[in-house]
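Whatever order the structure lists them in is the order used to number ligands and atoms, beginning at 1.
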Amino acid sequence: MIKTWHLGDSRQSMVLASFDGRLPEVVYWGPALPEGEAHQAIAAASIADVSGGMVDRNAAVSLSPEASQTFPGHCGLSVRDKNGTQLAPDSRFRSEAVSEHGVTLVFADDALGLTLTFNLALDAKSSLFKLRSSLESADEIIVDWLAAPVLPVPAHTGEMIEFSGRWCAEFLTRRIPFAPGARVRDNRTGRTDHAHFPGLIVCSPGTRNTSGEAYAFHYGWSGGHKMVAEELQDGRRHVQFGHASGSLPVGRTFHSAPLYVTYSGSGLNGAATRFQKHARNLVAEGARSPRPVHYNCWEAVYFDHELDELRSIASQAADLGAERFVLDDGWFGRRDDDTTSLGDWVIDRRKYPDGLTPLIEHVKALGMEFGIWFEPEMINEDSDLYRSHPDWVLGPADQIRGRQQLVLDMSRQDVRSYLYEHIASVLKHHDVGYIKWDHNRVLPVVDASQAEGTYALIDRLRADFPQVEIESCASGGGRIDFGILERTQRVWLSDSNDALERQRIQHDAALFLPASVTGSHVGPRKCHTSGRVLDIKLRSWTAAQRHMGFEMDPRELTEQEAATLRMVTGWWKANRDWMMQADILRLDSSDPAIIAEQQLAADGSRFVAFAAQMRPSDQILPYPLQLTGLDPNAVYKINLINQDEAPALSRGAPLLKEHDLEVSGQYLMSHGLILPWRFPETIWVLEGRRL
Ligand code: DGJ
């Protein structure tokens, strides 16, 4: 007997089948199937042959491949009884509940007292599937691995793009071939981490940003994930995501985080724009609109908080166009450097004798919102909190410190209450609209209840202070995922304010993140994390590609630099309403020295394209820049808004250097735009309007 289920929309279909009551398997995932397609036939047609050297029936790549079915690879569930004896569940169909966009399927092994539930739904707004597994047990058990619903990927794909990175170089991508065996990523840092963004894109060798097939995955969890991308010895391939190994405490109920997946037939951009849209939808309710221009004082003053100096910086920031002033690390306890005071969330009266109100009033009088930094989950040994509660620390006493700090055990109610009271007190007694929530070290032990405890604390604060936005920061981009974005409204993408590095990081992060949640700041002339000196134009336009802000000491700006920054900020404000809702389309630049993207308005009526010359090109003449996502039959008016930046060495007369161009979408996408020659470490900005 075959039972089938179908999920999908006009872009993609997923067909699941259960044979003889066994666990369901995805028998089709790809382009949308025609209305009325016979799903039973597709299920029946999915049965593969059996040949020499094989068992007599192929174990299914089910939503949770089972050892009891002789599955020849990584199983979807690895579970032991309390004494450590391995269990091999053999689950059978129990029930189903079908809703408009989803289905809940329940399977059980009654003899072992184990029930597996799969929640599968299509988010109609973003066209992402949201898939989740849960396990319930009659007895206490040890779960070593619970995969979110496991998905097969087709043989014709063959490659995967996975993510690594480091501090100041988040979202590094690596494109590697599928090969027999398993590619396993196990992030045991206890946080999402710079080095382990929980994403994967399975694609064909020819897939580019603008064309080809892609199967994209993101695990929405902040506690560290494990991924398995495996090619079995029989040739079948599958992908699994779940919590990092060893992170689930002994218990009776277990859940995976949601796994978000989508199929795109229109290149990496087809998948990227759906993730971007979903992230925009997640933060839509809590995020201030329009998105305010930030000023963050970290790289201006670090721990040296001096009221008059901060007031003067705030005034200059407002004059440059800032609309939100964020007071970073250093305002509490006796925090003169990073060795002390985490946990003591009381205002440092040495630095602020009359509290924070004089600074806040100054900021408000300038028309800016006030934001403040916390690192709630952390504690220094040199703190009153540690002296009174050394037992609140997570992990062993002799653990290696990270940035000289320890971590609070967020699974404890008393720890969460303490943090709630102290953060709430600052919010209640001051006019605060924003929290920058930091997390500057990896955990000493991997434990899912740590991330769950943090989620609970943020949820409580958001419920009681819904007007306070939260930014997720973890030494830059160490905690970026859809789990944290369900409860925060912005991410600090990287501690690197180096515009060239930022171009690369932003470009790759756009495979999942929209502009509206991605913080990007104009840093100091000489970058504090790279030592590189970059021009204000490149720095300003790079920040203007995302949620814009400034982070330098404004006193270092020359008049000319301030004028450029003011101009670009003014441009950003004039365009942010549509840009923050736009799709970021990564362009396939023929020149590897150029990183280019196009931000296309939701109604297709306008766009802006940025082409950053990262280094000198190998060839002298700039290659035409091909655009994407346009109506081939419509005419667009193009203008190069910073055409006056062409240097003297650009001696010719390409049209865009002096004139606007009116031309079809077909020409723009097929031939592309000829731009003037320019120096490395500079950027062209093009505006387009549909006529
Ligand atoms: C790390 C963050 O990423 C920085 O932006 C800054 O907030 C520091 N922590 C403060 O300690």
Side-chain angles (χ1 to χ4, degrees), residues 165-171 189 191-195 197 222 294-305 310 313 317 322 324-345 348 351 370-380 382-383 401-408 423 426 432 434-443 469-481 484 488 490-499 501-502 505-506 509 517-524 527-530 543 546-553:
R166 60 164 165 82
W167 177 69
C168 285
E170 293 82 349
F171 286 91
T189 66
R191 65 177 182 182
T192 327
D193 205 60
H194 309 75
F197 175 73
S222 312
H294 272 228
Y295 177 78
N296 182 295
C297 68
W298 177 240
E299 294 200 353
V301 299
Y302 292 101
F303 298 101
D304 299 331
H305 291 205
L310 285 168
I313 288 175
R324 175 184 275 159
F325 178 94
V326 182
L327 184 67
D328 212 282
D329 196 354
W331 58 268
F332 55 93
R334 298 175 71 81
R335 182 93 166 154
D336 296 335
D337 57 33
D338 61 11
T339 62
T340 174
S341 299
L342 290 174
D344 295 346
W345 301 110
D348 184 346
K351 297 177 184 172
F370 184 80
I372 191 162
W373 183 94
F374 285 95
E375 194 178 2
E377 296 132 286
M378 300 295 160
I379 180 167
N380 283 118
D382 182 7
S383 69
R401 275 59 177 158
R403 206 194 191 196
Q404 293 92 230
Q405 66 202 45
L406 295 162
V407 186
L408 289 166
I423 298 170
V426 172
V432 173
Y434 193 77
I435 289 176
K436 178 177 176 185
W437 187 299
D438 214 337
H439 184 287
N440 285 306
R441 58 157 291 175
V442 300
L443 301 190
E469 269 188 45
I470 301 180
E471 170 176 56
S472 172
C473 171
S475 307
R479 184 152 59 187
I480 298 178
D481 57 80
I484 205 71
T488 57
R490 189 190 205 238
V491 295
W492 183 223
L493 185 63
S494 178
D495 270 354
S496 174
N497 286 319
D498 176 309
E501 289 173 352
R502 208 74 194 195
I505 302 169
Q506 289 180 175
V517 306
T518 309
S520 192
H521 295 174
V522 180
C527 176
H528 290 191
T529 56
S530 70
R546 299 293 184 268
H547 182 186
M548 188 175 191
F550 323 140
E551 192 157 339
M552 88 301 281
D553 186 335

What atoms in ligand 1 come closer than 4.0 Å to a heavy atom of [X]?
X	answer
Ser475	1 (C), 3 (O)
Lys436	4 (C), 5 (O), 6 (C), 7 (O)
Asp495	1 (C), 2 (C), 3 (O), 4 (C), 5 (O)
Trp492	3 (O), 5 (O)
Cys473	2 (C), 3 (O)
Asn440	1 (C), 9 (N)

Review point. Under 4.0 Å between a Lys/Arg side-chain N and an Asp/Glu carboxylate O for Asp348 and Arg335?
Key: no
Check your understanding: Are Lys436 and Asp329 close enough for a salt bridge, meaning some N to O gap below 4.0 Å?
Key -> no
Practice item. Would you tell me whether Asn440 and Asp438 have side-chain atoms, one donor and one acceptor, within less than 3.5 Å of each other? Key: yes
Point to revise | No-hydrogen, no-angle side-chain donor-acceptor test under 3.5 Å, Asp498 and Ser496 | key: no
Revision key, fill the gap. Contact region, Asp338 to ligand 1, non-hydrogen atoms below 4.0 Å, reads neither
**Study point:** Glu375 contact mode with ligand 1 (heavy-atom cut-off under 4.0 Å)
**Key:** neither
Practice item. Please report which non-hydrogen protein atom sits nearest to atom 2 (C) of ligand 1, along with the residue it belongs to and the distance in Å to one decimal place. Key: Asp438 OD2, 3.2 Å
Review point. Among protein heavy atoms, which sits nearest to atom 11 (O) of ligand 1, and what does the distance come to when rounded to 0.1 Å?
Key: Asp329 OD2, 2.6 Å
Point to revise | Polar proximity ligand 1 side, Ala474 side, N/O cut 3.5 Å exclusive | key: no
Check your understanding: Would you say the side-chain atoms of Ser383 pair up with the backbone N or O of Ile379, donor to acceptor, closer than 3.5 Å?
Key -> no
Point to revise | Arg324 side chain vs Tyr434 backbone, donor-acceptor pair below 3.5 Å | key: no
Check your understanding: Could you go step by step and tell me if Arg479 and Glu377 meet the salt bridge (charged side-chain N to carboxylate O under 4.0 Å, His left out) rule?
Key -> CA-CA 13 Å; Arg479 184 152 59 187; Glu377 296 132 286; 2.8 Å; yes
Revision key, fill the gap. A student comparing Asp337, Val326, Asp328 should find that the heavy atom closest to atom 6 (C) of ligand 1 comes from Asp328
Point to revise | Contact check, Arg403 vs ligand 1, heavy-atom distance below 4.0 Å | key: yes
Review point. Say you draw a straight line from CZ of Arg403 to CD of Glu375; how long is it, rounded to the nearest 0.5 Å?
Key: 6.5 Å
Study note, to complete from the structure: The reported gap from OG in Ser472 to CZ in Arg490 (rounded to nearest 0.5 angstrom) is 11.5 Å
